[in-house]
Number of protein chains: 2
Amino acid sequence: MSENIKEPLFNLLHSMKRSLRQAIEVGDLGITPLHMRVLKIISFYNQKVTANDIVQKTLIDKAQLARLIKELIGLGYVSKLDNPNDKRSYYLGISGEGEQIVKQLSVAEHRVNEIMKTGLTEQEIADFARLAKQMAHNLNQQNE
Amino acid sequence: MSENIKEPLFNLLHSMKRSLRQAIEVGDLGITPLHMRVLKIISFYNQKVTANDIVQKTLIDKAQLARLIKELIGLGYVSKLDNPNDKRSYYLGISGEGEQIVKQLSVAEHRVNEIMKTGLTEQEIADFARLAKQMAHNLNQQNE
DNA sequence: TTGCGGTGGTTGACTAAGTCAACTACATTT
DNA sequence: AAATGTAGTTGACTTAGTCAACCACCGCAA
């Protein structure tokens, strides 16, 4: 009988979310892990990413994302820029404060990342990430 | 720079939860994936498991678990049995209907499991599970 | 060129999941 | 026996995730 993968995965995610939340709360400012996730993407693709792009990348529901972005804008971390090619959409840019937050919280995230990797080799980490991607891909294929 | 493991993991969990929910909804009866998770544990350790044991195993918050169990009892899938050694706690038993549900939904879960494993070797699956456990363990160590 | 189906984004209304604190009842320690 | 600890419950709340309806705009085909 082949192993059930879900249970360890649920456990891992749970622990990870808890650690991340704790790490992030230190320098707190109304930011949740999900805000952080989105903010990092916006930071990375600064002014070259639309809400819809983020939906594609993350599979976050577009309704939820619209709200997250509204909140990030409300906090002054993000702004909308007109997209001259398509008046329905807009590019997302990050503010100086936004960058601050990303930088600051990246440190915390990195710490969690390192803790998580304790006792594992780079090869194992890479394999793990590869397998996770593959499995997600398998599941997503199925649902279309 | 070492790879960030969180993003693929978040994606995988997201896809997995979605698939599971869909798989479970087919034969629906007020059951969520989390109910299922708890119900399976109760089925496995039938009459030999307490609420607190489940909290230890899963890290589900005890408040949340109390409510889940109340719901499962309300649905007639689970019952409480007095624990003669400790009047504060009780053992959890599963009913015939409960077993039915577990059996039925295990099929659905197994299907999702198989989809997830497409193109991976048994060795890779085993490694993946091992690494997930190790990482969860690392994180949990840290938080005490 | 208009009109029609599709897409990006927003809002409403909701369910599921997770958290924290306070409390009850019983157990253990000292 | 008193103090301290633990199992489970309840209240009140936050974070995530989902679905449907809608608007403004896009692109294409008749």
Side-chain angles (χ1 to χ4, degrees), chain A residues 6 9-11 13-22 24-25 28-39 49-74 78 80-92 143, chain B residues 9-22 24-25 28-39 42 49-74 78-92 143:
Chain A
K6 294 187 307 300
L9 218 39
F10 274 129
N11 286 333
L13 184 77
H14 195 282
S15 299
M16 207 170 75
K17 275 164 76 176
R18 207 169 50 129
S19 292
L20 272 180
R21 195 165 36 74
Q22 285 180 2
I24 284 176
E25 262 168 10
D28 190 46
L29 204 39
I31 283 283
T32 70
L34 194 56
H35 285 107
M36 184 56 184
R37 204 180 157 202
V38 171
L39 198 56
V49 69
T50 68
N52 196 46
D53 293 338
I54 297 178
V55 165
Q56 305 302 319
K57 275 182 223 306
T58 61
L59 303 183
I60 292 172
D61 183 81
K62 65 179 184 164
Q64 192 180 5
L65 186 63
R67 280 181 268 256
L68 284 167
I69 290 173
K70 196 164 62 172
E71 285 157 14
L72 288 172
I73 291 172
V78 163
K80 289 180 179 179
L81 289 82
D82 283 344
N83 175 354
N85 308 316
D86 188 337
K87 282 179 191 165
R88 290 169 306 176
S89 97
Y90 44 80
Y91 289 118
L92 292 165
N143 282 338
Chain B
L9 216 39
F10 273 128
N11 286 334
L12 173 53
L13 254 299
H14 194 281
S15 299
M16 207 170 77
K17 276 164 76 173
R18 207 168 48 128
S19 293
L20 272 180
R21 194 165 37 75
Q22 285 179 4
I24 285 176
E25 263 169 8
D28 191 43
L29 204 39
I31 283 283
T32 70
L34 194 56
H35 285 107
M36 184 55 185
R37 205 181 156 201
V38 171
L39 199 56
I42 295 175
V49 70
T50 67
N52 196 47
D53 293 338
I54 298 179
V55 165
Q56 304 303 318
K57 276 182 224 306
T58 62
L59 302 184
I60 293 172
D61 183 82
K62 64 179 185 164
Q64 193 180 4
L65 186 64
R67 279 183 269 256
L68 285 168
I69 289 173
K70 196 163 64 173
E71 284 156 17
L72 289 172
I73 290 171
V78 164
S79 58
K80 290 181 180 179
L81 289 82
D82 283 345
N83 175 353
N85 307 318
D86 187 337
K87 284 180 188 162
R88 289 169 306 175
S89 98
Y90 45 80
Y91 289 118
L92 293 165
N143 281 339

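Remember, predicted model here, so these are calculated numbers, not experimental data. Each chain gets a letter, A, B and so on, in the order the sequences are listed, and its residues count up from 1.
- The structure places CG of A/Leu9 at 5.0 Å from CG of B/Leu12, a figure rounded to the nearest 0.5 Å.
- Between A/Thr32 and the phosphate of D/dA16, there is a side-chain N or O to OP1/OP2 separation shorter than 4.0 Å.
- Shown here for B/Leu20 and A/Phe10, the closest heavy-atom pair between the two residues is CD1-CZ, 4.1 Å.
- Set against C/dG18, C/dC20, C/dG8, the side chain of B/Ala63 has C/dC20 as its closest nucleotide.
- One finds no side-chain N or O of B/Lys70 lying less than 4.0 angstrom from the OP1 or OP2 phosphate oxygen of D/dG8.
- Take the nearest nucleotide of DNA chain C for A/Arg88 and for A/Lys17: the residue whose nucleotide is more 5' is A/Arg88.
- Of the side-chain N and O atoms in B/Lys80, one or more sit less than 4.0 angstrom from OP1 or OP2 of D/dT9.
- For C/dT10, one of the phosphate oxygens OP1 or OP2 lies less than 4.0 angstrom from a side-chain nitrogen or oxygen of A/Tyr90.
- Counting heavy atoms from C-beta on, the side chains of A/Asn85 and A/Tyr91 come closer than 4.5 Å.
- Between A/Leu34 atom CG and C/dA17 atom C1' there is a gap of 14 Å when expressed in whole angstrom units.
- Taking side-chain N and O atoms only, A/His14 has a distance below 4.0 Å to OP1 or OP2 of C/dT19.
- As rounded to whole Å, 12 Å separates atom P of C/dT11 from atom CD of A/Glu71.
- Taking 4.0 angstrom as the limit, A/Gln64 places a side-chain polar atom (N or O) nearer than this to OP1 or OP2 of D/dG17.
- In this structure, B/Lys62 atom NZ and C/dC20 atom P are separated by 13 Å, rounded to whole Å.
- Evaluation of atom-type donor-acceptor distances gives no pair under 3.5 Å for the side chain of A/Arg18 against the base of D/dT15.
- Atoms NZ and NZ, from A/Lys70 and A/Lys80 in turn, are 9.0 Å apart once rounded to the nearest 0.5 Å.
- Counting atom types as modelled, A/Arg21 pairs no side-chain N or O with a base atom of C/dG18 as donor and acceptor under 3.5 Å.
- Rounded to an integer number of Å, the gap from CD1 of B/Ile69 to P of D/dA7 is 13 Å.
- Counting non-hydrogen atoms under 4.0 angstrom, B/Lys87 reaches the backbone sugars and phosphates but no base.
- For B/Arg67 against D/dG11, a side-chain N or O and a base N or O form a donor-acceptor pair under 3.5 Å.
- Under the 3.5 Å distance criterion, the side-chain polar atoms of B/Asp82 are left unmatched by any main-chain donor or acceptor of B/Pro84.
- The separation between B/Leu20 atom CG and C/dA16 atom C1' is 14 Å, rounded to whole Å.
- The side chain of A/Ala66 approaches C/dT10 more closely than any other nucleotide in the set D/dA16, C/dT10, D/dC26.
- A/Ile54 has its CD1 atom 13 Å from the P atom of C/dG8, to the nearest Å.
- B/Asp61 comes within 4.0 angstrom of a nucleotide base, judged by non-hydrogen atoms across all strands.
- Taking atom CG on A/Asn85 and atom C1' on D/dG27, their separation rounds to 14 Å, with Å as the unit.
- If you take CG of B/Leu68 and C1' of C/dA17, they are 9 Å apart, rounded to a whole angstrom.
- A heavy-atom distance below 4.5 Å is found between the side chains of A/Leu68 and A/Glu71.
- The side chain of A/Ser89 has C/dG8 as its nearest neighbour among C/dG18, D/dT18, C/dG8.
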